[in-house]
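Data first, discussion second: the structure below is written as structure tokens.
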Protein chains: 2
Amino acid sequence: MSTSERLIESTRELLWERGYVATSPKAIQQRAGAGQGSMYHHFTGKPELALAAISRTAQEMRAAGEEQLSAPGTAIERITRYLRRERDVLKGCPIGRLTQDPEIMADPTLRAPVEETFAWVRGRLAEVLAEGRARGELAATLDVATTAAAVVAVLQGGYVLARAAGSTAPFDQAITGVLGLLAGHATGQG
Amino acid sequence: MSTSERLIESTRELLWERGYVATSPKAIQQRAGAGQGSMYHHFTGKPELALAAISRTAQEMRAAGEEQLSAPGTAIERITRYLRRERDVLKGCPIGRLTQDPEIMADPTLRAPVEETFAWVRGRLAEVLAEGRARGELAATLDVATTAAAVVAVLQGGYVLARAAGSTAPFDQAITGVLGLLAGHATGQG
DNA sequence: GTCTATACAACGATAGAC
DNA sequence: GTCTATCGTTGTATAGAC
């Protein structure tokens, strides 16, 4: 792996573990096994490196989500697979956590991938729900946009609860809870 | 207001706006209108000051939640009032955001109030749901613990979505969404 | 109780040799 | 492309006068 690649991957890990403000160029260099000068040769500074890292993570998250949500099955099955796929729950969401970082939010360039990722997930979930509704699998009265927002919110909030508790249990409970609520809107005719 | 009080209040604001890592003693002093020596006279350092600030915020959050959840009305009405009460949505949850701060999570003393606050909210919501179920207002099949976790998660996740979007709209949608899902489990006999 | 002075490490970046 | 040296600033805290 090239030095440039190692720098980006190290930044991705550190942004996930510690966030932007708490990640220093020095820490990135050490994890990448690169020197000071090497990092500043490949990147203009911390913001440019962070943008490369965040863009890549956003891209991967979207690809992973698309994999679960475009798979065959009923809407509820696909959403269940999306919510229950293997996750590093206690590490939190690598994109969601960035919303708490003041310097990320203050920089439109760094914030854009975060904003786009959540807009995409909400839209994609709403599409899946709309398909289920159109097939008669879900109640005709179900509002797909607000339901999609609630589903993504449970995911993001589940991470918060898990980290607060120091346990994955609240995350699993929240997922089970929202799937139980959603089941009440299935027609049984999927 | 005493200097000590001003220091605690300034710390509360800064922890909310920027988090622990990104909040410096200097910034706290400036906002409080206090000098360097004055701060270190009243507190041993940043961690002790943060503990005072976090404890107070946790206490207030709990009191506010209790106010909505103990009010008269059906379970759904009380939870609706809790979820829809006025909030500084774009600032995020002052307690929830701390779960993303590496130094808060690494310090058991600072983390304890965060953990306790969410444990309390989940338990209290489960009680309200159990009351509604006992009264025949909610379906007997409803799992109160997982539903409570889902409701809190929607709240916390709603903040994340709103900050990512730079708009309160996704927060409101997520709340509307989960209340819509919950309505499907009402018996209509409350 | 509050102030100024001081200390020392870390941060984020630049300079210039190799 | 990578290294070491250097820089100015900020973070966090202590010392000691008033």
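None of the values given here were measured: they were computed from a predicted structure. So that the names make sense, note that chain A is the first sequence line, chain B the second, and so on, each numbered from 1.
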Subject >> Basic-acidic side-chain contact under 4.0 Å: Arg56(A), Glu5(A) >> reply: yes

**OP:** Flag the pair Arg135(B) and Glu131(B) as a salt bridge only when some basic side-chain nitrogen lies within less than 4.0 angstrom of an acidic carboxylate oxygen.
**Re:** yes

Original post:
With sequence neighbours excluded, what pairs up with Glu103(B) under the salt bridge (charged side-chain N to carboxylate O under 4.0 Å, His left out) test?
Top reply: none

Original post:
Expressed in angstrom and rounded to an integer, what is the separation of Gln29(B) atom CD from dT10(D) atom C1'?
Top reply: 13 Å

**OP:** If a protein heavy atom is under 4.0 Å from the base, mark B; if only from the sugar-phosphate, S; if neither, -; do that for nucleotides 6-18 of chain C going 5' to 3'.
**Re:** -----SSBB----

Original post:
Can you name the nearest heavy-atom pair linking Val154(A) to Ala153(B), along with the distance?
Top reply: O-CB, 3.6 Å

**OP:** Could you tell me whether Glu9(B) and Arg6(B) make a salt bridge, using a distance below 4.0 angstrom between a side-chain N and a carboxylate O?
**Re:** no

Subject >> Interatomic distance where CG belongs to Leu49(B) and P belongs to dG11(D) [whole Å] >> reply: 15 Å

Subject >> Angle by which the axis turns from one end of the helix from dG1(C)-dC18(D) to dC18(C)-dG1(D) to the other, five pairs per end, to 10 degrees >> reply: 10°

**OP:** Kindly determine whether Thr187(A) and Arg133(A) satisfy side chain to side chain donor-acceptor pair (under 3.5 Å), including the steps that lead there.
**Re:** CA-CA 9 Å; Thr187(A) 58; Arg133(A) 201 178 56 180; over 6 Å; no

Subject >> Arg6(A) CZ to dG1(D) C1', straight-line distance once rounded to whole Å >> reply: 12 Å

Original post:
Does atom NZ of Lys26(A) have more than 12 heavy-atom neighbours, drawn from other residues, nucleotides or ligands, at distances under 6.0 Å?
Top reply: no

Original post:
Phosphate oxygens OP1/OP2 of dT2(C): is one of them under 4.0 Å from a side-chain N or O of His42(B)?
Top reply: yes

